[in-house]
Amino acid sequence: MRYGPIFDRVIVPLGYREGLTQPLFAVDGRYLGMLNMSTTADAPFPTTSVTALALLADVVGAAIDPCRGVAAPVDQEESVVIVTANGTVHPVTAPAAAHPFVSGSAGVELARAVAASGRLGDHLLLDGDVVYRTRMQPVHSGGTLVAYRRVDPPYGLTLRELDVLALLPEGSSNARIAAYLRVEPSTIATHIERILRKLRVPNRTVAAATAVRWGLTVNSRPAEAGEVTQTWSPM
């Protein structure tokens, strides 16, 4: 190609006549970008230039890979984003049609907390009617790499039961949980009874410990226009 916005704004004004581009890949095959060499000469690139660009590709790819230093390799079934320190989300792999990492969500706040702690974090994230298993790790850029995938609710729990289970570590009463979820206390009692049976645990304290071990979190959602959001308070 010898035309287009990049040619009009950059290549032609700077006098470039020839270009050579080398794709950059991670060691696991992920596409990372490209390395470009340009010249103002009309002659083809010498063999030494082509060789140099090919040799540099692996070094540059390793240097810019946002997944560099990740403890566990990214699975092909996982989608990956980078959450920066200020909460901005950047896709690393081809973005899924929908994902739980939007500005101000619990998922983003979890990622920022992982970066601040400097430790790995695994979470089971309930986002609407979808459950995600997430793996989070601080990266050299100062943000958090998040690999996530959709999973089935564990132990045959329903989405509402996961909602209730996520609130148990706060130690609140059935009445308080019911008020927050806008249901009757008897409904919460029924949910907890079923949670205990499905998890095969003796009481709500052990169920709460299970929720903590899973890193179970319910993603917040932005309020609709005119909607008043509720703030959870365990007391």
Side-chain angles (χ1 to χ4, degrees), residues 28 30 65-67 70-139 141-170 177 180-183 191 195 198-199 207-208 210-225 227-234:
D28 58 6
R30 284 175 291 109
D65 185 1
C67 299
V70 174
V74 175
D75 192 282
Q76 290 185 349
E77 296 181 0
E78 291 177 313
S79 298
V80 182
V81 297
I82 293 286
V83 179
T84 66
N86 64 7
T88 304
V89 180
H90 299 285
V92 174
T93 56
H99 63 76
F101 300 99
V102 297
S103 178
S105 68
V108 167
E109 293 310 310
L110 280 175
R112 296 176 68 186
V114 166
S117 71
R119 297 189 298 270
L120 303 178
D122 292 340
H123 301 275
L124 195 65
L125 188 61
L126 176 59
D127 184 66
D129 58 355
V130 180
V131 181
Y132 295 95
R133 168 58 65 188
T134 71
R135 298 189 297 113
M136 302 186 183
Q137 177 174 334
V139 291
S141 62
T144 308
L145 180 138
V146 183
Y148 63 96
R149 70 170 78 188
R150 293 181 62 158
V151 296
D152 293 327
Y155 289 84
L157 294 167
T158 67
L159 298 176
R160 178 54 95 183
E161 287 164 356
L162 283 174
D163 247 339
V164 174
L165 180 59
L167 296 174
L168 291 185
E170 303 293 343
I177 296 175
Y180 177 71
L181 296 178
R182 298 176 179 175
V183 297
H191 284 316
I195 289 169
K198 291 179 179 180
L199 295 182
T210 301
V212 172
R213 188 173 70 252
W214 289 351
L216 179 58
T217 304
V218 178
N219 217 7
S220 57
R221 63 179 179 86
E224 301 291 343
E227 179 182 355
V228 177
T229 58
Q230 287 184 291
T231 301
W232 167 250
S233 174

Only distances under 3.5 Å count here; give the side-chain donor-acceptor pairs of residues 149-158 to other protein atoms, sequence neighbours excluded, each with its distance to 0.1 Å.
residue: Arg149; atom: NH1; partner: Glu77; partner atom: OE1; Å: 3.1
residue: Thr158; atom: OG1; partner: Glu161; partner atom: N; Å: 3.1
residue: Thr158; atom: OG1; partner: Glu161; partner atom: OE1; Å: 3.4

Of all pairs that satisfy salt bridge (charged side-chain N to carboxylate O under 4.0 Å, His left out), the ones with a partner from residues 114-124, not counting sequence neighbours: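 Every pair satisfying salt bridge (charged side-chain N to carboxylate O under 4.0 Å, His left out) with a residue in residues 114-124: there are none.
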The single option from Val218, Asp129, Val130 passing side chain to side chain contact (heavy atoms under 4.5 Å, CB included) against Leu159: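 Only one option passes, and that is Asp129.
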- prompt: Out of Thr134, Leu110, Leu124, which one pairs with Thr217 under the side chain to side chain contact (heavy atoms under 4.5 Å, CB included) rule?
  reply: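 Running side chain to side chain contact (heavy atoms under 4.5 Å, CB included) over Thr134, Leu110, Leu124 with Thr217 returns exactly one hit, Leu110.
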Would you say the side chain of [Y] lies within less than 4.5 Å of the side chain of [X], judging by non-hydrogen atoms?
| X | Y | result |
| --- | --- | --- |
| Gln137 | Thr144 | no |
| Thr210 | Leu216 | no |
| Arg160 | Leu181 | yes |
| Val114 | Val83 | no |

To the nearest 0.5 Å, what is the distance between [atom1] on [X] and [atom2] on [Y]?
| X | Y | atom1 | atom2 | value |
| --- | --- | --- | --- | --- |
| His123 | Arg133 | NE2 | CZ | 9.5 Å |
| His191 | Leu167 | NE2 | CG | 11.5 Å |
| Tyr180 | Asp163 | OH | CG | 8.0 Å |

field: Trace of the side-chain contact (heavy atoms from CB on, under 4.5 Å) decision for Leu145 with Val80
entry: CA-CA 7 Å; Leu145 180 138; Val80 182; 3.8 Å; yes
task: Please answer whether the main-chain N or O of Asn219 pairs with a side-chain N or O of Asp127 as donor and acceptor at a distance below 3.5 Å.
output: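 Side chain of Asp127 to backbone of Asn219, a donor-acceptor pair under 3.5 Å: no, none is there.
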message: Going by ring pair (Phe, Tyr, Trp, His ring centres under 6.0 Å), name the pairs with one or both residues in residues 100-121, residues two or more places apart or in two chains.
response: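 The answer is Phe101-Tyr148.
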Residues which pass side-chain hydrogen bond (donor to acceptor under 3.5 Å, both in side chains) with Asn86, listed by chain and number, not counting sequence neighbours: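 For Asn86 the side-chain hydrogen bond (donor to acceptor under 3.5 Å, both in side chains) partners, ignoring immediate neighbours, are Thr84, Thr88.
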Residue list, side-chain contact (heavy atoms from CB on, under 4.5 Å) with Ala208, at least two apart or on another chain: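 Only Leu168, Pro169 meet the side-chain contact (heavy atoms from CB on, under 4.5 Å) criterion with Ala208.
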Return the minimal non-hydrogen interatomic distance between [X] and [Y], and the atom names on each side.
| X | Y | result |
| --- | --- | --- |
| Pro138 | Leu120 | CD-N, 4.5 Å |
| Pro100 | Ser105 | O-OG, 3.4 Å |
| Val81 | Pro91 | CG1-CA, 4.1 Å |

task: Start with the C-alpha distance between Ile177 and Val183, add both sets of side-chain angles, then the distance that settles side-chain contact (heavy atoms from CB on, under 4.5 Å), and finish with yes or no.
output: CA-CA 9 Å; Ile177 296 175; Val183 297; over 6 Å; no
Sequence-distant partners of Arg112, salt bridge (charged side-chain N to carboxylate O under 4.0 Å, His left out), two or more places apart: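 Listed in chain order: Glu109.
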